[in-house]
Protein chains: 2
Amino acid sequence: MATIKDVARAAGVSTATVSAVINDSAYVSAELRARVLSAVRDLNYAPSLAARNLKRGRSQLIALVVADLANPFFSRVVWAAEAAVAAWGYSLLIFNSDEKPELERRILARVRTLSCDGVILVPVGDSTEHLQNDPDGKPIPTVLFGRTVADDRSDTVTIDNISAGRQATEYLLDLGHTRLGTITGPLHVTTGRGRLDGMLAAMRSRGLTLESRYIRSGEFREDAAYSVARSLLEQPARPTALYVASGLMALGVMRAVADLGLRCPGDISIASTDTIPGIGGLRPRLTRTEHPLVDMTNEAVRLLVDQIRRGGPAEPRNVVFQPSLVVGDSCAPVVAQSVAPPPTSAR
Amino acid sequence: MATIKDVARAAGVSTATVSAVINDSAYVSAELRARVLSAVRDLNYAPSLAARNLKRGRSQLIALVVADLANPFFSRVVWAAEAAVAAWGYSLLIFNSDEKPELERRILARVRTLSCDGVILVPVGDSTEHLQNDPDGKPIPTVLFGRTVADDRSDTVTIDNISAGRQATEYLLDLGHTRLGTITGPLHVTTGRGRLDGMLAAMRSRGLTLESRYIRSGEFREDAAYSVARSLLEQPARPTALYVASGLMALGVMRAVADLGLRCPGDISIASTDTIPGIGGLRPRLTRTEHPLVDMTNEAVRLLVDQIRRGGPAEPRNVVFQPSLVVGDSCAPVVAQSVAPPPTSAR
DNA sequence: CGAACCCAGCTAATCGATTAGTTGAGTTTT
DNA sequence: AAAACTCAACTAATCGATTAGCTGGGTTCG
């Protein structure tokens with residue numbers, strides 16, 4: 001690799017002049033500028049970011065740490081983040097904490113070592129202590145994405161999970177369903193907890209309760225959702241409608257429904273929250289609440305770049321996006337289903 | 001951020017000793033080692049990669065440049081690559097060339113600037129000229145993934161696309177289908193071209209031909225596949241079976257089939273190639289050829305790390321993985337379908 | 001005409017690590 | 001006991017860029 005010295009020698013100028021030309025940081029006469037540029041081309045010179053970053057103290061790197069890279073939801077976040085980050089002149093590093101707090105801790109240490117300019121973090125566990133890991137110095141600019149944690153001084157970008165759970169549930173209730181079931185996410189993360197809370201609130205406000213035997217955690221995983229959905233639906237007097245707290249789990253639930261020989265929405269109505277690619281291919285089309293994922297990601301990157309530029313967090317900003325209900329045909333009015341509560345088990 | 005000098009001062013030793021302790025690169029007495037380690041802890045010191053990399057001339061960064069980050073297939077590659085790369089002690093940068101050769105060129109320039117230790121590249125366009133962009137110096141260690149390009153000195157990891165097309169087609173032919181159609185990928189990339197060639201070869205060897213009006217390109221995109229599938233299936237005398245060259249396109253095709261009121265496999269049999277998350281939720285279950293994606297990714301990373309270690313490419317290695325046929329229930333024997341070629345248009 | 005100024009371009013310090021080369025106290029050899 | 005070794009630990013050069021500060025020729029102005 002050619003260095004700035006090689007270029008300077010080839011162009012017959014000093015390294016300072018080369019640097020000035022490359023960065024447009026000072027006036028250089030047209031002649032020298034031309035000589036430098038042609039030398040750059042001849043040697044196919046590209047400045048070393050390692051050296052530049054060492055001097056400037058930044059890296060043009062932004063890290064995205066997601067909780068589960070196998071989840072298509074986060075794959076879309078990766079896609080959106082790559083584009084957003086590139087638009088601001090940064091490059092994107094990807095890490096997968098795999099829902100393990102200990103791994104998250106190690107990743108954040110590495111992020112610091114790599115001197116990333118900022119982190120977009122989907123936190124796992126319930127502490128962000130690792131974020132202010134620098135007793136004297138300033139912490140790395142951080143935006144928490146999707147989930148929140150207890151005590152916090154960081155910017156956050158989240159959705160209104162309670163509203164998502166409520167909207168989906170109210171839609172089912174409006175169709176006349178009263179015996180509802182749900183496949184939740186992990187209840188120790190806000191996305192799991194909030195959606196269930198929204199559902200409970202919606203039912204409570206109509207004087208209904210959610211029976212605990214109709215509540216199962218699918219852990220935000222397709223396979224887990226499949227098996228808990230099976231066991232949930234094989235109960236005698238199964239619910240007439242199901243709220244599934246994530247798109248990935250909805251795939252598993254639909255699979256379980258098909259494997260049990262149940263028809264959707266004929267035998268069971270299903271509503272879910274969040275969209276993943278591929279869900280559009282499902283028939284029936286799922287009724288679901290969607291998040292403005294691209295907007296959320298753009299906003300997270302914008303907040304992060306803003307923090308980086310001003311060199312430290314201002315007072316924390318919490319941006320909450322609202323989900324919207326997208327009606328498909330996976331839900332039917334309860335009158336169209338068996339009217340009398342059937343005490344028979346599924347097949 | 002504390003520097004190595006701060007640590008040296010705090011521990012009352014030289015920076016060389018601190019470095020020796022951190023890297024285990026020379027013997028240090030137990031006492032000094034303890035002093036250094038405690039200073040490291042006190043100051044929460046993390047060595048600056050920028051400085052280390054500048055000196056060592058490497059970055060511990062591997063770039064993954066994919067052709068379409070919105071495609072769930074590549075999302076899975078990202079997932080597998082992150083894990084593989086981390087296991088070797090590297091971190092993963094993600095870039096999306098979005099099938100644009102010009103963007104790919106810019107990305108590779110940036111990869112060079114970032115002094116990435118290596119690149120896993122899903123090439124778009126048909127030249128790798130940009131890879132030996134350094135007239136004098138050595139090119140960045142590179143592994144081409146999934147696709148190949150004409151002239152090449154790089155390692156490659158690919159699948160046998162011809163075999164994938166042939167296996168899927170032969171399965172359909174064995175069921176008695178003779179009027180086949182296909183939704184192809186872009187024919188200028190090897191994954192698109194090869195799968196079609198495999199299909200053509202399979203038909204030719206049974207004395208059949210693929211009518212050109214039954215061939216459509218879905219560009220490896222879900223929406224494009226949806227619309228070309230619609231127009232293909234709305235023709236009079238539509239094919240009785242379809243080979244769809246990618247998982248993402250298969251979702252679009254299934255959607256088109258459903259929207260046209262056709263039953264699969266009743267009215268039309270469908271086989272495809274490659275798996276994406278979410279495809280498992282489809283009913284009927286798709287008959288398809290699958291790639292050992294995780295193995296492929298691991299192999300690509302292994303080859304790349306090997307290149308990095310030996311400091312330059314040995315003679316290029318081309319690893320080809322074989323697809324395997326996974327039988328679902330999206331295909332039916334032709335006798336079960338309308339026996340006489342129906343000259344009626346769909347619906 | 002000389003002082004004051006301007007400014008293109010240069011010299012050299014600097015960022016934070018690694019590491020070749022040096023030092024000097026302690027040990028072994030003869 | 002001097003010479004020859006060992007070896008823990010240190011000093012200082014180095015990686016490739018940026019940039020503060022300097023230089024010296026050319027203008028402007030009193």
Side-chain angles (χ1 to χ4, degrees), chain A residues 1-37 39-40 43-61 109-110 112-117 134 136-137 311, chain B residues 1-37 39-40 43-61 109-110 112-117 134 136-137 311:
Chain A
M1 271 288 296
T3 74
I4 200 173
K5 277 188 196 162
D6 301 324
V7 174
R9 197 176 317 120
V13 300
S14 73
T15 61
T17 304
V18 176
S19 178
V21 170
I22 294 172
N23 301 297
D24 248 339
S25 54
Y27 187 86
V28 176
S29 69
E31 194 209 328
L32 287 200
R33 146 166 273 120
R35 292 224 306 267
V36 168
L37 289 178
V40 164
L43 299 171
N44 198 0
Y45 166 75
S48 146
L49 263 217
R52 174 177 285 175
N53 293 338
L54 173 57
K55 196 66 181 62
R56 291 194 178 159
R58 43 207 164 84
S59 62
Q60 316 219 59
L61 258 29
R110 175 147 185 101
R112 217 161 64 94
T113 279
L114 285 161
S115 57
C116 291
D117 292 346
D134 212 348
D136 46 322
Chain B
M1 272 288 296
T3 74
I4 198 172
K5 278 188 197 163
D6 301 326
V7 175
R9 196 176 317 118
V13 300
S14 74
T15 62
T17 302
V18 176
S19 178
V21 170
I22 294 170
N23 300 298
D24 246 339
S25 52
Y27 187 86
V28 176
S29 68
E31 193 209 329
L32 288 200
R33 145 166 276 118
R35 291 225 307 267
V36 168
L37 288 178
V40 164
L43 298 171
N44 199 359
Y45 165 75
S48 147
L49 263 218
R52 173 176 286 178
N53 293 337
L54 174 58
K55 196 67 183 56
R56 297 219 246 231
R58 45 210 163 81
S59 62
Q60 315 218 60
L61 259 28
R110 176 148 184 100
R112 219 161 63 92
T113 279
L114 286 161
S115 56
C116 290
D117 291 346
D134 212 347
D136 46 321

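Residue numbers begin at 1 in each chain, while the letters A, B, ... track the order of the sequences. Bear in mind that the values here come from a model prediction, so they are computed numbers and not experimental data.
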Expressed as a whole number of angstroms, how long is the span from [X]:[atom1] to [N]:[atom2]?
| X | N | atom1 | atom2 | value |
| --- | --- | --- | --- | --- |
| A/Arg33 | C/dG9 | CZ | P | 10 Å |
| A/Leu54 | C/dG16 | CG | C1' | 5 Å |
| A/Arg9 | D/dA17 | CZ | P | 12 Å |
| A/Asp6 | D/dA17 | CG | P | 8 Å |
| B/Arg58 | C/dT18 | CZ | P | 10 Å |
| B/Lys5 | C/dT14 | NZ | C1' | 9 Å |
| B/Asn53 | C/dC15 | CG | C1' | 14 Å |
| B/Gln60 | C/dA17 | CD | P | 14 Å |

[atom2] on [Y] to [atom1] on [X], rounded to 0.5 Å:
| X | Y | atom1 | atom2 | answer |
| --- | --- | --- | --- | --- |
| B/Arg9 | B/Leu43 | CZ | CG | 9.5 Å |
| A/Asn53 | A/Leu61 | CG | CG | 7.5 Å |
| B/Thr15 | B/Asp6 | OG1 | CG | 11.5 Å |
| B/Ser48 | B/Lys55 | OG | NZ | 14.0 Å |
| B/Ser19 | B/Arg52 | OG | CZ | 7.5 Å |
| A/Leu114 | A/Arg110 | CG | CZ | 4.5 Å |

Examine [N]: is either OP1 or OP2 under 4.0 Å from a nitrogen or oxygen in the side chain of [X]? Give yes or no.
| X | N | result |
| --- | --- | --- |
| B/Ser48 | C/dG16 | no |
| A/Ser14 | C/dC10 | yes |
| A/Ser29 | C/dG9 | yes |

From the list [options], which nucleotide is the closest neighbour of the side chain of [X]?
| X | options | answer |
| --- | --- | --- |
| B/Lys55 | D/dT11, D/dG16, D/dC15 | D/dC15 |
| B/Ile4 | D/dC15, D/dT18, C/dT18 | C/dT18 |
| A/Leu32 | D/dA12, D/dT19, C/dG9 | C/dG9 |

_Reading DNA chain D from 5' onward, which residue's closest nucleotide shows up sooner: B/Ala26 or A/Ala51?_
B/Ala26
*DNA chain D contacts among residues 17-24 of chain A, heavy-atom distance under 4.0 Å*: A/Ser19, A/Asn23
*Between A/Ser59 (side chain) and A/Ser115 (backbone), is there a donor-acceptor pair under 3.5 Å?*
yes
